[in-house]
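Report on the structure given below.
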Amino acid sequence: MAMLPRLKPKDYYNLVIEVSIVRPGPITGGMVHPYLRRRNGEEPVVYPHPSLEPVLKKTLGIPLFHEQVMRLAVVAADYTPGEADQLRRDMAAWRKSGRIERHRERLISRMTAKGIEREFAERVFEQIRGFGEYGFPESHAASFALIAYATAWLKCHRPAAFLCGLLNAQPMGFYSAATLVEDGKRHGLTAAPIDVQRSDWDCTLEPAAGSGEGFAVRMGLRYVKGLGAAPGARIVSARAAAPFASLDDCAARARLDRDLLVRLAESGAFESFGNDRRDALWAALAPLNRDSHLFSQPPAVRFAPLDAFESIDWDYAFTSHSTRGHPLGPLREELARARLPDAATVRAMKHGARVRYAGLVICRQRPGTAKGVVFMTLEDETGFVNLVLWENVFTQYELLAKTQHFLGVTGKLQVQSGVTHLVAEQLWIPEINTEPHETKSRDFH
């Protein structure tokens with residue numbers, strides 16, 4: 001995501017490059033920034049040796065693909081077919097045996113003997129080592145690029161169908177259902193809550209004026225924690241015969257026991273009957289009476305309805321997402337009083353601005369090629385803030401960085417080529433009166 005504004009892909013092959021360039025091979029070989037500078041016209045396209053132009057022309061003189069690196073060994077270092085095949089095997093096994101090291105002097109000395117700069121030869125060898133860990137063949141990158149283009153097209157032109165498909169494919173990918181729903185809402189989609197009168201087991205599309213291509217995404221019963229596919233199917237089957245007349249009718253015809261009714265009540269799935277969640281939960285907990293009706297008479301005193309914060313909190317507790325709002329939305333006034341801006345405000349700030357921000361942690365990454373740097377993404381109701389934690393900062397605040405789901409950060413904004421990062425200097429626990437519900441993040445420590 002950070003590379004796209006810098007690379008600015010204009011055609012399909014640019015996407016092939018995009019897929020390949022953020023990989024250990026090009027990164028450890030120091031090939032990324034030279035390629036970007038050449039792509040942006042900031043430095044000329046030159047070749048280390050005339051013999052390498054046919055090998056490197058399509059990537060502006062910079063080796064990015066597995067095949068190019070192998071071809072470099074043959075053309076630039078005069079590897080025989082047998083030596084090249086041995087290099088291929090050693091690349092795949094270098095972590096286990098270190099056999100790749102025996103190629104270092106052979107590759108570098110042969111390249112320099114041809115007049116290739118030693119600095120370039122050493123970078124090529126480092127890239128070979130990187131490819132041994134995780135290298136992309138061009139054909140592999142091309143396949144990924146096709147998927148990337150197709151999914152980007154769907155997200156742009158069929159956003160409701162795309163979101164619905166992603167939600168039905170969970171668990172998968174990088175983002176949680178909650179983040180996907182929030183992103184959809186920020187892009188003009190309507191996400192409708194779970195409802196025993198309307199929800200199938202999977203998420204579905206239903207007509208909705210003003211939403212993505214005229215459809216809203218109705219959340220499926222699959223998102224009710226602990227419901228199970230079998231009772232979900234009974235609900236859908238019973239409703240197909242005739243709409244449910246009441247909560248009592250739904251329970252009887254779908255053969256739902258008390259535990260299942262409690263889960264549905266807590267998730268808000270009975271609200272279309274006019275039952276607030278607390279009232280529905282009270283009814284679900286009532287014993288069977290002698291007339292075989294599931295519930296006793298409703299309580300004489302109705303419970304106070306959930307407020308906005310409580311509704312979202314219950315959603316996250318019992319369905320891991322909310323169509324009603326983001327957990328930090330109802331807290332925005334309190335956050336503003338604490339002088340904590342939202343993500344949209346942070347993204348509008350200038351390079352070098354000092355920032356105090358608080359958001360929910362949705363992912364943590366520590367790539368092996370990043371030399372100890374940790375990347376985190378924080379989210380609020382307006383979008384994302386991407387953090388960079390240098391190794392010394394991460395070490396100092398490691399416990400907070402690894403465990404705190406609602407995190408405060410103080411740092412300096414870095415804005416470059418349309419990409420905004422907040423370089424963290426301090427991490428802290430936000431001091432507000434109301435704690436948002438704990439959310440899960442996708443972590444790669």
Side-chain angles (χ1 to χ4, degrees), residues 161 163-182 184 191-206 216-289 292-296 306 310-324 327 437-442:
L163 174 60
C164 189
L166 285 180
L167 292 170
N168 287 336
Q170 294 292 320
M172 62 161 286
F174 200 77
Y175 297 109
S176 67
T179 294
L180 294 172
V181 168
E182 288 298 319
I194 299 166
D195 184 346
V196 292
Q197 288 283 56
R198 297 177 178 85
S199 293
D200 289 348
W201 175 250
D202 284 330
C203 300
T204 53
L205 299 180
E206 56 185 47
V217 177
R218 172 68 66 177
M219 299 303 295
L221 295 167
R222 61 168 27 235
Y223 280 99
V224 178
K225 289 183 180 180
L227 178 63
R234 293 199 301 271
I235 292 171
V236 175
S237 177
R239 187 185 68 220
F244 297 125
S246 64
L247 187 153
D248 196 341
D249 181 40
C250 174
R253 288 203 281 138
R255 306 190 309 280
L256 302 176
D257 62 28
R258 188 172 70 170
D259 287 344
L260 295 176
L261 290 169
V262 165
R263 295 181 186 278
L264 288 163
E266 290 170 331
S267 72
F270 294 132
E271 289 189 347
S272 61
F273 296 131
N275 297 97
D276 182 79
R277 276 191 265 199
R278 285 177 172 140
D279 293 320
L281 181 58
W282 179 269
L285 292 170
L288 289 165
N289 65 24
S292 297
H293 293 292
L294 189 61
F295 306 116
S296 60
L306 301 176
E310 291 170 329
S311 294
I312 296 169
D313 192 63
W314 280 44
D315 283 342
Y316 272 78
F318 303 116
T319 69
S320 298
H321 77 283
S322 178
T323 61
R324 296 166 176 85
H437 191 276
E438 183 169 352
T439 53
K440 292 184 178 180
S441 59
R442 181 73 179 266

Checklist line | Pair Leu227-Trp201, side chain to side chain contact (heavy atoms under 4.5 Å, CB included): steps then yes or no | finding: CA-CA 10 Å; Leu227 178 63; Trp201 175 250; 4.1 Å; yes

Under the criterion side chain to side chain contact (heavy atoms under 4.5 Å, CB included), I'd like the reasoning laid out for Leu166 against Met172: C-alpha separation, chi angles, the key distance, then a yes or no.
CA-CA 8 Å; Leu166 285 180; Met172 62 161 286; 4.0 Å; yes

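Under the 3.5 Å distance criterion, the side-chain polar atoms of Ser199 are left unmatched by any main-chain donor or acceptor of Val196. Proximity of a side-chain donor or acceptor of Arg253 to a complementary backbone N or O of Ser237 within less than 3.5 Å is not detected. Side-chain N or O atoms of Thr319 include none that pairs as donor or acceptor with a backbone N or O of Val224 at under 3.5 Å.
Separation of atoms CE (Met219) and CG (Asp202) is listed at 10.5 Å; rounding is to 0.5 Å. Taking CG of Asn168 as the reference point, atom OH of Tyr223 lies at 6.5 Å (rounded to 0.5 Å). To the nearest 0.5 angstrom, Asp257 atom CG is 9.5 Å from Arg263 atom CZ. Considering CG of Leu180 and SG of Cys164, their distance stands at 11.5 Å, rounded to 0.5 Å. Interatomic distance, Phe273 CZ to Asp195 CG, rounded to the nearest 0.5 Å: 7.0 Å. Interatomic distance, NE2 of His321 versus OG1 of Thr439, reported as 14.5 Å (0.5 Å rounding).
Ser311 and Leu306 get closest at one heavy-atom pair: OG-CB, 3.5 Å. Nearest heavy atoms, Val181 versus Ala191: CG1-CB, 4.0 Å. For the residue pair Pro231 and Leu256, the shortest heavy atom distance occurs at CB-CD2, 4.2 Å. Nearest heavy atom pair, residue Gln197 against residue Ser272, reads CG-OG, 3.4 Å. When all heavy atoms are compared, the tightest approach of Leu167 to Cys203 is CB-SG, 3.9 Å.
Residues Ile235 and Phe244 have side chains in contact (heavy-atom distance under 4.5 Å, counting atoms from C-beta outward). Proximity of Ser320 to Lys225: side-chain heavy atoms (C-beta onward) are separated by under 4.5 Å at one or more points. In this structure, Phe270 and Leu261 have side chains that are in contact, with non-hydrogen atoms separated by less than 4.5 Å. Side-chain contact check for Pro193 versus Arg218: some heavy-atom pair is nearer than 4.5 Å. Residues Val236 and Leu221 meet the side-chain proximity criterion, which asks for heavy atoms closer than 4.5 Å. A heavy-atom distance below 4.5 Å is found between the side chains of Glu310 and Arg278. With contacts defined as side-chain heavy-atom distances shorter than 4.5 Å, the pair Pro327/Asp313 does not qualify.
Under a cut-off of 6.0 angstrom, the local environment of NZ in Lys440 is sparse, with at most 12 non-hydrogen atoms contributed by other residues, nucleotides or ligands.
Ion pairing between a basic and an acidic side chain is recognised when a charged N comes within 4.0 Å of a carboxylate O; Arg324 and Glu182 show no such pairing. For the pair Arg277 and Asp315, the salt-bridge criterion is met [side-chain N within less than 4.0 Å of a carboxylate O].
Ring orientation note: the planes of Tyr316 and His437 are tilted relative to one another, at an angle of 30° to 60°.
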